[in-house]
Amino acid sequence: MSEPAPPAEESLPEQIANRRAARERIAALGVPTYPNRWDVTHLVSDVVARFGPLDAQAIEALPEAERQVSVPGRILAIRKMGKAIFLDLSDGRRRVQAYVRRDAVPEAAWELVGHLDLGDHVGVRGAAFRTRTGELSVKAERIDFLAKSLRPLPDKWHGLTDVERRYRQRYVDLAVAPETREVFELRARLVSYIRRFFDARGFLEVETPMMQVLPGGAAARPFVTHHNALDIDLYLRIAPELFLKRLVVGGFTKVYEINRNFRNEGISTQHNPEFTMLEFYTAYADARDQMALTEELFSSAAIELLGSTRLPWGEETISLEAPFRRLSMRDAVVEHGRDLPGGPVAPGDLEGLEALKRTCARAGVEGLERFGDVPGKLLAELFETLAEPHLLQPTFVVDYPAEISPLAKAKPEDPAIADRFELFIGRMEVANGFCELNDPDEQAEKFRAQVAERTKGDDEAMLFDEDYVEALSYGMPPTAGEGIGIDRLAMLFSNSRSIRDVILFPLMRPRGSGR
RNA sequence: GGGCCGUUAGCUCAGCGGUUAGAGCAUCUGCCUUUUAAGCAGGGGGUCCUGGGUUCGAGACCCAGACGGCCCA
């Protein structure tokens, strides 16, 4: 354990001491410094929405009662003009100005205003009007103190540019940066839309275990925890897949779950150890049906949330207009393997173990031994190296090797090819879906092959889940399933280049000592 | 795990081996009744990320470490 952090306030005694003293002076006025409640008629955004469209005369023409507002907010700017003070109030989205005249408020309120600091919460009661410069304002008749900020906020002009602090102290970021709030409001609307989309199509939202005795449903390392009463280790789930399919066995023919997955792996601009996954399962459907549903979901969500299927993505634009391109994994490698040393990749260069190894070497793939002479893994690696970095526009990559798809059913015409796809947008993997393997004997065989891979050193290979095979043995109808990474989808919709910009509190290494 | 970059006042940032480390905002004092990055005058505020080293002298150079960012694995 690290040493307990010293009181961080020692590092900024002057500003904190000033603010504590100001709080004492406010208390001396006889007003509560942390009142329990305050009667709100309008938030700042409401004031802006109500009066923003009106010019000065239009506002003044309103009956007095309609101009009256009781609006709370955090003070983000103070301009003292002698016997008048302007306060910028923020609700995190918008700002409105309060105009406090010495001769228009009670004596105690005027004294209070003199003791306010940037970051304090106050409530202002008064009439909306426009100043002679046209600024929408509230002419204070009363002003109530709601809470003190004992620490200074970031620079009022530059805001919080230190990305580390933005992630570690998201509340500070949110307090001063409306554009940060907008990202998370957009994310919330996206998730809400997804629920409406699936609910409207007869899907049932369910919740399956986050703590699992056997982590399954994906190729990833799990987090381990321990249940004391049962004295067993449990794993935070890496995917809900195997439980959702048990529900399909039970007769829920359309189910979905939106919840957290946990993978004990690296952190990057596209990876957070806990991330949010949508998984949905449709009985009687195959991969083609899921792809069509996905196109409909993405393009309708874009229209609903952004008003367009065209998404700005840095300097580029992504079109979510359906249909999305379909491209086989092999064709993707050929298409994007034209400039390899030794000439472009030919289809024959992807046939057979030795040819694949030679092609990998030409593509600069190192450490071939980690693929354990599995041709499908080599092909997938070539795809990731050569093709994935180019898949800006939505592309369903299809025809995955069956041997790297142990939970998927093969295509009827080719047992070596899984009826599976992954969707790439913005050079990121956004979705992974397939027709679910529902033959319990074949599933058992695939699990055995996975266990063999694991003993050969692949610690991401799956474990044998006997209970799941037993569930399948009761009979699962033909079913297609899919997982969609909500965080990455939120990145696309908000034009965010880092997953940490769409996760409120991304995982950070703990600070060694007090800041 | 590797490479590159960053860490200086509360915030945003300057700082070329050489006085007592600076600016803007914030803060404090004073003035100012429609201002708005308000303005004017004056003041205070520093573990230059940490620990070693080189040097007469280190915020700067060297080594190690911490934390973060980007890229790669």
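For clarity, every value in this text was computed on a predicted model and none was experimentally measured. Only heavy atoms go into these numbers, but all of them, side chains included; no hydrogens, no water, no symmetry mates.
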Practice task
Kindly say whether A/Ile78 contributes a backbone atom to a donor-acceptor pair with the side chain of A/Asp88 at under 3.5 angstrom?
Solution key: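 No.
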Problem - A/Ser494 side-chain N/O to A/Ala490 backbone N/O, donor-acceptor pair under 3.5 Å - result: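 Pair found, side chain donor or acceptor close to backbone of A/Ala490.
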Return the pairing partner of [N] with a 3.5 Å limit on both distances, Watson-Crick or G-U wobble; otherwise return none.
N	value
B/rG46	none
B/rU33	none
B/rC4	B/rG69
B/rC25	B/rG10
B/rC61	B/rG53

Take the protein atom [atom1] of [X] and the nucleotide atom [atom2] of [N], then report the distance between them rounded to whole Å.
X	N	atom1	atom2	answer
A/Ile267	B/rC72	CD1	C1'	17 Å
A/Lys139	B/rU35	NZ	C1'	14 Å
A/Leu76	B/rC25	CG	C1'	14 Å
A/His158	B/rA14	NE2	C1'	12 Å
A/Lys148	B/rU27	NZ	P	10 Å
A/Arg20	B/rG10	CZ	P	17 Å
A/Arg165	B/rG68	CZ	P	16 Å
A/Glu384	B/rC72	CD	C1'	14 Å

What's the closest nucleotide to the [X] side chain, out of [options]?
X	options	result
A/Met81	B/rA38, B/rU12, B/rU36	B/rA38
A/Val163	B/rU36, B/rA26, B/rG68	B/rG68
A/Tyr99	B/rU33, B/rC32, B/rU12	B/rU33
A/Phe129	B/rU34, B/rG44, B/rC25	B/rU34
A/Leu160	B/rU33, B/rC67, B/rU12	B/rU12
A/Pro154	B/rC11, B/rC32, B/rU35	B/rC11
A/Thr269	B/rC28, B/rC71, B/rU34	B/rC71

Tell me whether the side-chain N or O atoms of [X] pair up with the base of [N] as donor and acceptor below 3.5 Å, since no angle test is needed here.
X	N	answer
A/Asp155	B/rG10	no
A/Glu14	B/rG44	yes
A/Thr131	B/rU35	yes
A/Gln15	B/rU27	no
A/Asp162	B/rU7	no

Practice task
Could you check whether the rings of A/Phe396 and A/Phe421 sit parallel, tilted or perpendicular, using 30° and 60° as the cut-offs?
Solution key: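 Rings of A/Phe396 and A/Phe421: perpendicular, over 60°.
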Exercise for the section: Anything under 30° is parallel, anything over 60° is perpendicular, the rest tilted; go ahead and classify A/Phe262 against A/Phe223. Expected result: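 Rings of A/Phe262 and A/Phe223: perpendicular, as their planes differ by over 60°.
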Base, sugar-phosphate alone, or nothing: which one does [X] contact when heavy atoms must sit under 4.0 Å apart?
X	value
A/Asp88	nothing
A/Leu118	sugar-phosphate
A/Gly159	sugar-phosphate
A/Arg102	nothing
A/Gln97	base

Problem - Six-ring centre of A/Phe505, A/Arg170 cation under 6.0 angstrom, axis tolerance 45° - result: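 Relative to the ring axis of A/Phe505, which defines the angle, A/Arg170 lies outside at least one limit.
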Handout entry: Stacked cation flag A/Arg427 on A/Trp313, 6.0 angstrom / 45 deg
Key =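 Judged by the rule (NZ or CZ under 6.0 Å from the ring centre, within 45° of its axis), A/Arg427 is not positioned above A/Trp313.
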Practice task
Check whether more than 12 heavy atoms from other residues, nucleotides or ligands sit under 6.0 Å from atom CD of A/Glu366, and answer yes or no.
Solution key: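 Not more than 12 within 6.0 Å, no.
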[N] and [M]: how far apart are their [atom1] atoms, nearest whole angstrom?
N	M	atom1	value
B/rA73	B/rC11	P	36 Å
B/rC5	B/rA9	C1'	24 Å
B/rA14	B/rG24	P	16 Å
B/rG45	B/rC61	C1'	30 Å
B/rG3	B/rU8	C1'	26 Å
B/rA21	B/rC63	P	27 Å
B/rG18	B/rC28	C1'	34 Å
B/rA26	B/rC62	P	38 Å

Whether [X] contacts [N] is assessed here as follows: a side-chain N or O lying under 4.0 Å from the phosphate OP1 or OP2. Is that the case?
X	N	answer
A/Arg79	B/rU35	no
A/Arg151	B/rG10	no
A/Arg19	B/rG10	no
A/Lys156	B/rA26	yes
A/Arg130	B/rU34	no
A/Thr161	B/rU12	yes
A/Arg168	B/rG68	yes

Practice task
Decide yes or no for A/Phe324 and A/Gln393: does some side-chain heavy atom of the first lie under 4.5 Å from some side-chain heavy atom of the second?
Solution key: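 Result no, sub-4.5 Å side-chain heavy-atom pair not found.
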Problem - Closest-nucleotide 5' rank along RNA chain B - winner of A/Glu381 and A/Trp157 - result: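 Nearest-nucleotide comparison on RNA chain B picks A/Trp157.
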Exercise for the section: Report the residue (A/Lys83 or A/Ser498) whose heavy-atom-nearest nucleotide on RNA chain B is the more 5′ of the two. Expected result: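 By nearest-heavy-atom nucleotide position, the 5'-most residue is A/Lys83.
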Practice task
List the steps and the verdict of ring-ring contact (aromatic ring centres under 6.0 Å, His included) for A/Phe298 and A/Phe493.
Solution key: CA-CA 10 Å; A/Phe298 280 33; A/Phe493 274 64; 7.2 Å; no
Exercise for the section: Can you spot which of A/Gln450, A/Arg370, A/Lys377 makes a side-chain hydrogen bond (donor to acceptor under 3.5 Å, both in side chains) with A/Asp458? Expected result: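 Among A/Gln450, A/Arg370, A/Lys377, the one that satisfies the side-chain hydrogen bond (donor to acceptor under 3.5 Å, both in side chains) with A/Asp458 is A/Lys377.
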